[in-house]
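Starting from 1, each residue takes its place in the sequence as its number. Just so it is clear, the values below take in all heavy atoms, side chains as well, and ignore hydrogens, waters and symmetry mates.
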Amino acid sequence: MSAEERRESVIRAAVVEFARTGYHGTSTEAIARRVGVSQPYLFRLFPGKQALFRAAAERCFDRTAETFEAAAAGMSGAEALEAMGEAYSLLIRDRDVLMLQMQLYTAAASAEDPELADFIRRRWTGLWDIVRGRTGASDEELTGFFGHGMLINTLLALGIPVEDRCWNGFDGACKVAAAEVYAQQR
């Protein structure tokens, strides 16, 4: 396996580990073990834990941005916004993607590393800009789109059952997608 292939496998492992136990709860040893390499080799690929976390964050934001862009290809307006929402519901069926997003927000909110927090905020607002650029959505529509998505993320991360009253404001398609996410997590 080439160094680039190994680097890729380390990033995939970092996504899983950081998604499950966060920045502070994840050891570089756990990431190395998941990949099947030694810690010294891991540090030849990445200079430290923060670099690994940032690479995992990049991957997560890139996947979301690519998902939005691909879903809205050839569309605009409300049609593009709806397509992005549907595609996002497919993306977060991968619990590691969902949970890494939540871990990223926690890392930014902690303000322990201002540079990392700034990076996470820039990437998140980049998603906002992608959605606005592809859809032409107003500020209110963007607030609704992202607010809806964040509530879905929160309910899924908390494991609130689809039958719970917290899901009552969502349409049937959203509830079906949420039920599928829960089924895949078991």
Atom CD of Glu69 with >12 non-hydrogen neighbours under 6.0 angstrom: yes

Rounded distance [0.5 Å steps], OG1 in Thr67 versus CG in Leu91: 4.5 Å

Shared hydrophobic cluster, Met102 / Phe61 (ILVMFWY, side-chain heavy atoms < 4.5 Å): yes

Nearest-0.5 Å distance that lies between atom SG in Cys166 and atom CG in Leu151: 8.0 Å

Over all atoms of both residues, closest heavy-atom pair of Cys60 and Gln101: SG-CG, 3.6 Å

Ser38 OG to Arg33 CZ distance, which is reported to the nearest 0.5 Å: 13.0 Å

Non-hydrogen atoms of Ala19 and Met99 that approach each other most closely: O-CB, 3.4 Å

Euclidean distance, Leu142 CG relative to Thr135 OG1, rounded to 0.5 Å: 5.5 Å

Arg121 side chain reached by Asp118 side chain, heavy atoms, under 4.5 Å: yes

Taking every non-hydrogen atom, the tightest pair across Arg7 and Leu45: NH1-O, 2.7 Å

Intermediate values then yes/no, side-chain contact (heavy atoms from CB on, under 4.5 Å), Leu100 and Asp96: CA-CA 6 Å; Leu100 183 56; Asp96 292 327; 6.0 Å; no

Single-linkage hydrophobic cluster, 4.5 Å side-chain cutoff, Trp128 and Ile152 together: yes

Test log, rule side-chain contact (heavy atoms from CB on, under 4.5 Å), inputs Val35 and Arg12: CA-CA 9 Å; Val35 179; Arg12 284 194 310 269; over 6 Å; no

side-chain contact (heavy atoms from CB on, under 4.5 Å) between Phe18 and Leu52, worked out: CA-CA 9 Å; Phe18 287 126; Leu52 278 165; 4.0 Å; yes

Test item: side-chain donor near acceptor, Tyr105 and Asn153, under 3.5 Å: no

Qualifying ring-ring contact (aromatic ring centres under 6.0 Å, His included) pairs, either residue in residues 22-50, two or more places apart: Tyr23-Phe53

Side-chain touch Leu155/Phe170, heavy atoms, less than 4.5 angstrom: yes

Lys/Arg-Asp/Glu bridge criterion (N-O < 4.0 Å) met for Glu141, Arg132: no

More than 12 heavy atoms of other groups within 6.0 Å of Arg122 CZ: yes

From Trp167 atom CH2 to Ile160 atom CD1, the distance as rounded to the nearest 0.5 Å: 9.0 Å

Met150 with Tyr88, same ILVMFWY side-chain cluster at under 4.5 Å: yes

Heavy-atom pair of closest approach, residues Pro114 and Glu112: CD-O, 3.7 Å

side-chain hydrogen bond (donor to acceptor under 3.5 Å, both in side chains) partners for Asn168, two or more places apart: none

Student check: side-chain heavy atoms of Arg95 and Leu98 closer than 4.5 Å: yes

Derivation of the salt bridge (charged side-chain N to carboxylate O under 4.0 Å, His left out) call for Glu79 and Arg134: CA-CA 10 Å; Glu79 179 185 31; Arg134 299 292 286 150; over 6 Å; no

Nearest heavy-atom neighbours spanning Leu116 and Gln50: CB-NE2, 3.8 Å

Contacts of Thr26 that satisfy side-chain hydrogen bond (donor to acceptor under 3.5 Å, both in side chains) - sequence neighbours left out: Thr21

Over all atoms of both residues, closest heavy-atom pair of Ala71 and Ala87: CB-CB, 3.5 Å

Path from Ile130 to Met75 over hydrophobic side-chain contacts below 4.5 Å: no

Whether over 12 other heavy atoms sit under 6.0 Å from Glu115 CD: no

Val16-Leu104 co-clustered via ILVMFWY side chain contacts under 4.5 Å: no

salt_bridge(Lys49, Glu29) N-O dist < 4.0 Å: no

Charged tip of Arg54 within 45° of Phe119 ring normal and under 6.0 Å: yes

Distance (rounded to the nearest 0.5 Å) between Leu42 CG and Arg34 CZ: 13.0 Å

